[in-house]
Amino acid sequence: MELKNIIEASLFAANEPLSIVELQGVFLLEDRPDKHVVRELIKEIQEDCLPRSIELVEVASGYRFQVKSIYSSWVARLWEEKPVKYGRALLETLAIIAYQQPATRGEIEDVRGVAVSTNIIRTLQEREWVRVIGHKEVPGRPALYATTKEFLDYFNLQTLADLPPLATLLDIDLQPSTDVQLNLGDGTPTDKEVI
Amino acid sequence: MELKNIIEASLFAANEPLSIVELQGVFLLEDRPDKHVVRELIKEIQEDCLPRSIELVEVASGYRFQVKSIYSSWVARLWEEKPVKYGRALLETLAIIAYQQPATRGEIEDVRGVAVSTNIIRTLQEREWVRVIGHKEVPGRPALYATTKEFLDYFNLQTLADLPPLATLLDIDLQPSTDVQLNLGDGTPTDKEVI
Amino acid sequence: MDNSSNHEVLIQQPLALVEGKPYKDLPEDLYIPPDALEVFLETFEGPLDLLLYLIKHQNLDILDIPVLKITQQYIEYINLMQNLRMELAAEYLVMAAMLAEIKSRMLLPKKADDLEDEEDPRAELIRKLQEYERFKRAADDIDAMPRLYRDNYLATAKLVIDKIDKPVPDIELETILLAFQDVLRRAEKFSHHQIQREVLSVRERMSTILLVLGESTEEFLGFHSFFTAKEGRGGAVVTFLAILELCKEGLIEVIQGEPLSDVWIKPVIE
């Protein structure tokens with residue numbers, strides 16, 4: 001029972017399919033179950049799901065829980081509503097990638113002085129504004145991010161060179177609105193920065 | 001049965017807590033269940049979970065499925081990187097905001113006796129644990145910080161009242177100085193000579 | 001202050017009488033090897049934290065702090081730090097001044113008629129210490145609370161449908177520029193966050209080169225594959241600069257068989 005629940009818990013918690021080997025990996029060596037055992041338990045979990053809203057399916061890279069397709073039309077309505085607003089952190093990250101590309105996450109963090117959340121990078125990738133174009137050959141091989149053609153298209157730019165150059169950007173008065181001005185110089189966070 | 005499964009499926013698919021109203025929203029108007037019905041079904045789902053690896057918990061912004069914490073140590077092995085550790089400065093700042101909200105930066109600094117770094121406030125805002133809810137009507141109009149629903153969600157709380165109670169302040173009832181006999185030894189006249 | 005001689009004086013006679021008991025030994029935690037001091041200071045969240053440590057470590061009652069003794073220890077730390085020319089946060093000095101003030105006020109003989117309404121000079125300090133301590137504890141409590149992705153994990157199931165019309169927010173280029181301006185101004189305050197003022201078209205070309213290399217099945221690609229004749233001399237120059245930059249950052253290798261022959265580019269793989 002415990003074995004089965006641990007496997008079930010892992011499949012629910014992982015955000016991606018898990019292979020049999022990965023499932024074995026959640027156990028310490030001394031009580032790691034055999035492959036056959038894991039496979040058997042997966043079968044049991046699959047049977048348990050029969051009357052329920054989800055199913056445990058095997059895809060190319062392993063097993064994952066998915067919502068049974070008969071329920072997808074309801075569930076999809078969760079996303080039909082309001083778009084989320086982009087936060088300050090996302091905008092800044094995007095700006096740094098645009099100007100400093102190709103840039104690693106560490107480089108972005110260096111400029112911003114704050115850690116960059118995985119969610120932000122994922123959102124930018126999902127929107128297809130940013131993509132990984134390679135890995136830097138330093139320990140850890142961090143991904144190198146760059147902007148895409150879709151990014152240029154969205155903002156009606158021919159090339160990145162159409163963005164104002166860095167040297168002049170600081171001197172441009174982008175928005176005369178006083179309250180924006182106030183909040184630029186001193187780095188004091190204001191409501192505007194809340195995501 | 002179908003109603004219950006649709007609710008269950010929605011809770012599994014959403015990556016965030018869902019409120020009763022949001023759960024009602026997945027149904028078309030003509031077959032939208034009553035609030036009581038949704039609440040009743042949630043209770044049933046919670047009971048269904050008893051023998052399983054997961055539980056349906058209520059946090060500030062609604063209901064969400066999570067892995068029962070008894071399985072956390074196994075599940076944690078799915079991720080190579082260790083969860084972020086927050087520094088004391090950040091936690092103290094967060095604690096002051098959580099218990100004294102709305103609080104200005106100056107008030108936080110008063111309690112801690114040191115300047116609060118902009119980075120800490122920024123990090124708290126980016127984690128969406130803290131946001132600006134207004135400005136104090138004193139010179140400089142400092143921002144007033146408060147915690148968010150996301151903060152409560154993250155820490156598995158339904159309301160601020162669920163926070164562990166703050167230690168009570170003891171009455172200060174000072175006895176006449178007890179250390180009058182101190183021999184300072186550094187040339188300062190001792191108390192004996194003075195009093 | 002000359003620390004060594006000061007220590008000697010302190011050690012020879014009872015240091016203090018704390019709640020009636022003579023105190024002979026120098027608290028062990030007072031002397032810290034100089035190289036550890038920096039680490040030591042970093043573990044404190046400020047002067048209140050340091051004071052609390054001094055008080056707690058000697059099992060003193062926060063409501064009845066022997067101000068003179070604590071002041072002396074505190075100032076000794078400050079002196080040690082200054083002797084080491086450590087950069088001391090101003091707050092530590094402010095606290096030292098405050099302690100010195102309390103100390104001097106306590107030493108002053110009081111007039112009988114002041115006694116009633118004048119607050120004990122320690123009261124304010126004790127209030128601050130208590131207030132800080134309760135939030136320090138609250139911070140520990142918060143840290144100990146079960147937390148998502150550390151103690152709790154979401155249980156999710158994937159929704160597989162062809163396409164969710166997930167609405168995405170519109171943003172204007174100006175918003176991004178503003179955000180960048182903000183980062184720049186912030187970064188300018190720190191000299192070590194120098195942002196290189198490079199020509200954007202070079203940056204863009206750097207991305208393109210890496211992208212083309214990544215997607216190519218060939219081991220090497222010639223210099224010419226990265227720009228078109230249509231781009232003319234400008235294209236060649238930008239490509240050349242981008243290649244130099246990538247080379248400098250160790251992202252590509254440049255190989256030339258013989259002088260004046262074509263230049264070949266390959267991505268660096270460990």
Side-chain angles (χ1 to χ4, degrees), chain B residues 9 12-15 53-55 64-67 69 71-72 75-76 79 83-84 86 88-89 91-92 94-96 98-100 110-115 118 153-157 163-164 166-175 177-186 188-189 191 194-195, chain C residues 1 6 9-10 13-20 45-49 62-69 72 89 91 95 106-109 120 122-123 126-128 130-159 186:
Chain B
F12 271 125
N15 276 311
S53 65
I54 51 168
E55 58 192 343
R64 71 176 175 216
F65 275 116
Q66 47 187 53
V67 169
S69 49
Y71 300 112
S72 299
V75 171
W79 290 277
V84 197
Y86 292 100
R88 280 181 50 203
L91 289 165
E92 287 178 12
L94 178 62
I96 296 166
Y99 287 92
Q100 301 280 89
D110 255 10
V111 174
R112 297 193 59 235
V114 269
T118 303
D153 290 347
Y154 206 84
F155 287 93
N156 272 295
L157 304 170
L163 281 171
L166 193 58
T168 44
L169 285 175
L170 299 166
D171 271 343
I172 306 174
D173 178 21
L174 286 168
Q175 303 299 309
S177 171
T178 49
D179 54 343
V180 285
Q181 292 101 328
L182 183 69
N183 184 344
L184 286 172
D186 58 357
T188 322
D191 309 281
V194 176
I195 301 176
Chain C
M1 194 193 298
N6 193 34
V9 175
L10 286 170
Q13 35 185 277
L15 277 170
L17 287 171
V18 179
E19 286 169 5
E45 285 300 329
L48 286 172
D49 201 18
I62 191 173
L63 292 182
D64 196 17
I65 327 168
V67 172
L68 302 186
K69 179 179 163 158
Q72 198 189 11
E91 290 98 348
M95 177 59 75
M106 292 193 65
L107 291 173
L108 286 176
D120 189 302
R122 291 172 295 176
I126 292 172
R127 229 190 330 267
K128 275 188 173 260
Q130 258 200 300
E131 185 77 354
Y132 174 64
E133 198 192 12
R134 69 206 287 239
F135 284 108
K136 200 178 139 168
R137 253 189 248 167
D140 289 341
D141 289 345
I142 287 183
D143 198 27
M145 280 178 349
R147 193 188 297 172
L148 212 52
Y149 309 117
R150 187 188 71 178
D151 313 289
N152 290 118
Y153 298 90
L154 294 183
T156 59
K158 196 165 173 69
L159 178 67
R186 225 162 56 223

**OP:** Please name the pair of heavy atoms, one in B:Val67 and one in C:Asn152, separated by the smallest distance, quoted to 0.1 Å.
**Re:** O-ND2, 4.3 Å
**OP:** Enter the distance from B:Arg112:CZ to C:Tyr132:OH here, rounded to the nearest 0.5 Å.
**Re:** 5.5 Å
Original post:
Do you know the tightest heavy-atom contact between B:Phe12 and C:Ala155?
Top reply: CD2-O, 3.7 Å
Original post:
Given the options B:Ser69, B:Ala14, B:Ala9, B:Ala76, which has more heavy-atom pairs under 4.5 Å with chain C than any of the others?
Top reply: B:Ala76
Original post:
Mind checking whether C:Phe135 and B:Gln100 have side chains closer than 4.5 Å, heavy atoms only?
Top reply: yes
Subject >> Ionic contact status for C:Lys136 with B:Glu92, cut-off 4.0 Å >> reply: no
Subject >> Residue B:Ile96 versus chain C: region with a heavy atom under 4.5 Å >> reply: both
Original post:
Taking all atoms of both residues into account, what is the closest heavy-atom pair of C:Glu45 and B:Ala89, and its distance?
Top reply: OE1-CB, 3.3 Å
Subject >> Within-4.5 Å side-chain heavy-atom neighbours: C:Tyr149 and B:Tyr154 >> reply: yes
**OP:** Let me know if B:Arg64 has heavy atoms under 4.5 Å from chain C in its side chain, its backbone, both or neither.
**Re:** side chain
Original post:
Do B:Leu94 and C:Ile142 have side-chain heavy atoms sitting under 4.5 Å apart?
Top reply: yes
Original post:
Between B:Pro164 and C:Met145, what is the shortest heavy-atom contact and its length?
Top reply: CD-SD, 3.5 Å
**OP:** Pick one of side chain, backbone, both or neither for C:Arg137, based on which atoms fall under 4.5 Å of a heavy atom in chain B.
**Re:** side chain
Original post:
Can any side-chain N or O of C:Thr156 pair as donor or acceptor with the backbone N or O of B:Ala13 at less than 3.5 Å?
Top reply: no
Original post:
Just wondering, do B:Ser72 and C:Tyr153 contact through their side chains at under 4.5 Å, heavy atoms?
Top reply: yes
**OP:** Name the member of C:Asp140, C:Leu148, C:Asp141 that forms the most heavy-atom pairs with chain B at distances under 4.5 Å.
**Re:** C:Leu148
Original post:
Taking the side chain from C:Arg134 and the backbone from B:Ala167, do they hold a donor-acceptor pair closer than 3.5 Å?
Top reply: yes
Original post:
Between B:Val114 and C:Pro47, what is the shortest heavy-atom contact and its length?
Top reply: CG1-CD, 3.8 Å
Original post:
Is B:Arg88 paired with C:Asp49 through a side-chain N to carboxylate O contact shorter than 4.0 Å?
Top reply: yes
